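Working notes, structure below.
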Amino acid sequence: MGRTLFQMLKTHWLTILLMGGWFMQPFGKAGELIFFLATLISLLGSGYFSYIHAKKQACEEEAERIKRLLSHERHDALNHIQVMMGYIMLNKMDRIKAYLEQWVERAKQERMLSEFQYAPLAVALLTLKHRFKHWDLHVSMSEEMKAMSQADEKRLLSAMNAVLAWMEKKLAHEKSYLSVTLSLMQEMDNVVLEVEVTADGDDTVTLFGSAEDWRELQRTVCRWRGSCNLMSHGKGLKLELKTEQKK
């Protein structure tokens with residue numbers, strides 16, 4: 001609170017000083033006009049420079065986030081290379097072939113996810129594993145997925161974020177290491193996102209919660225013209241969104 005007040009005073013000190021002079025000046029109507037114009041110019045100037053500062057800070061934060069993501073990707077790539085080098089040293093060529101096939105399939109999935117026209121949705125799906133580091137998270141997408149309108153993709157992103165935030169809250173006290181799988185698919189005119197959770201030893205983690213919590217999630221998803229249901233035995237959630245006919 002104090003830091004915010006100091007920042008505001010630092011940015012608008014001249015405007016505040018001019019406003020004080022406006023009320024205290026002894027020059028009558030002419031003085032009021034001069035101080036009014038000076039205050040207005042100062043206010044516009046400080047607003048502009050505040051915008052420039054905020055934009056610069058946002059760019060720096062985004063650059064820092066991208067740097068962290070690239071660092072994680074480099075670390076993952078090195079891990080893959082080390083695994084293959086281990087197989088080579090052990091002369092297990094069949095394992096290398098299988099491992100490369102898995103890597104190619106992962107790259108194929110990431111390529112399909114990157115083809116969403118609404119960039120924030122593509123970025124969100126591609127970086128979920130970095131956002132939820134405490135989960136072993138996997139995202140897959142059916143090849144039968146139809147092209148969606150940008151409006152539908154925006155709704156999907158909003159509904160997906162609501163579901164994941166709800167799940168993160170529900171699983172916050174889960175002690176087991178969790179594997180979370182997100183599967184995107186098409187069912188008739190609906191786009192479907194299934195989120196399944198398992199713990200160590202392939203034990204299913206149930207997501208049953210209070211009725212009020214569940215109704216709150218359903219109301220939230222409904223705002224994006226979607227529906228949300230528990231999968232059998234509460235092992236995950238199924239999100240369905242009715243898509244528009246893309247022109």
Side-chain angles (χ1 to χ4, degrees), residues 55-145 148 153 156-158 160-185 193-205 207 235-237 239:
K55 187 175 180 181
K56 180 182 177 182
Q57 187 174 10
C59 287
E60 290 175 355
E61 290 174 356
E62 180 66 9
E64 182 62 32
R65 189 180 74 87
I66 293 172
K67 186 177 79 169
R68 287 197 302 270
L69 289 175
L70 291 174
S71 177
H72 286 306
E73 289 297 324
R74 182 176 64 251
H75 183 266
D76 288 347
L78 287 173
N79 283 342
H80 288 309
I81 292 171
Q82 288 174 350
V83 169
M84 287 190 289
M85 288 179 66
Y87 286 148
I88 291 172
M89 291 175 65
L90 295 172
N91 199 29
K92 294 185 177 180
M93 297 304 168
D94 55 328
R95 294 284 188 90
I96 293 178
K97 183 176 182 295
Y99 197 83
L100 283 173
E101 288 174 349
Q102 292 177 6
W103 204 358
V104 168
E105 179 59 28
R106 174 187 166 187
K108 181 180 176 182
Q109 288 289 328
E110 290 182 349
R111 177 186 58 78
M112 289 193 295
L113 294 173
S114 69
E115 290 176 349
F116 281 109
Q117 58 178 324
Y118 185 52
L121 173 61
V123 171
L125 289 167
L126 290 168
T127 58
L128 279 177
K129 62 182 179 180
H130 302 298
R131 176 180 166 190
F132 298 99
K133 298 176 185 177
H134 47 295
W135 294 345
D136 179 24
L137 196 146
H138 304 276
V139 182
S140 66
M141 179 175 169
S142 169
E143 293 185 18
E144 284 72 37
M145 279 282 293
M148 300 165 61
E153 292 180 3
L156 174 59
L157 176 60
S158 298
M160 180 186 74
N161 282 336
V163 166
L164 290 175
W166 185 87
M167 289 184 63
E168 186 175 32
K169 182 180 177 181
K170 285 293 173 189
L171 300 172
H173 302 296
E174 183 67 42
K175 295 181 180 179
S176 302
Y177 184 62
L178 300 177
S179 177
V180 179
T181 302
L182 279 72
S183 303
L184 268 170
M185 63 196 77
L193 175 66
E194 291 185 350
V195 188
E196 187 171 349
V197 185
T198 54
D200 292 334
D202 294 327
D203 294 328
T204 299
V205 178
L207 292 171
K235 67 180 181 179
L237 297 175
L239 170 67

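Since the model is a prediction, treat every value here as computed from it, not as a measurement.
- Phe132 contributes atom CZ, which lies 12.0 Å from atom CG of Leu178 (distance to the nearest 0.5 angstrom).
- Annotation for Met112 and Glu143: closest pair SD-CG, 4.0 Å, computed over non-hydrogen atoms.
- Sorted by first and then second residue, the salt bridge (charged side-chain N to carboxylate O under 4.0 Å, His left out) pairs involving residues 79-88 (not counting sequence neighbours) form an empty list.
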Can you give each donor-acceptor pair under 3.5 Å made by side-chain atoms of residues 81-101, sequence neighbours left out, with the distance rounded to 0.1 Å?
residue, atom, partner, partner atom, Å
Lys97, NZ, Glu101, OE2, 2.6
Tyr99, OH, His80, ND1, 2.6

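- Scanning for side chain to side chain donor-acceptor pair (under 3.5 Å) contacts around Ser179 gives an empty result, with sequence neighbours left out.
- Inter-residue side-chain proximity for Met167 and Leu237 is flagged as met; some heavy-atom pair is nearer than 4.5 Å.
- For the residue pair Met148 and Leu156, the shortest heavy atom distance occurs at CE-CD2, 4.1 Å.
- Nearest heavy-atom pair across Gln109 and Val139 is OE1-O, 4.2 Å.
- A 4.5 Å side-chain heavy-atom check between Arg131 and Asn161 finds at least one atom pair inside the cut-off.
- Residues Glu110 and Leu126 share a closest heavy-atom pair of O-CD2, 3.6 Å.
- The distance from the CZ atom of Arg106 to the OG atom of Ser140 is 13.5 Å, given to the nearest 0.5 Å.
- Under a 3.5 Å cut-off, the side chain of Glu196 and the backbone N or O of Thr181 do not form any donor-acceptor pair.
- Here the CG atom belonging to Leu128 is positioned 9.0 Å from the CG atom belonging to Leu113, to the nearest 0.5 angstrom.
- Side-chain contact between Met141 and Phe116 is present, with at least one heavy-atom pair separated by less than 4.5 Å.
- For the pair Leu239/Val195, no side-chain contact is recorded, criterion being any heavy-atom separation below 4.5 Å from C-beta on.
- Closest of all the heavy-atom pairs between Leu193 and Met160 is CD2-CG, 3.6 Å.
- For the pair Glu194 (side chain) and Leu184 (backbone), a donor-acceptor distance under 3.5 Å is absent.
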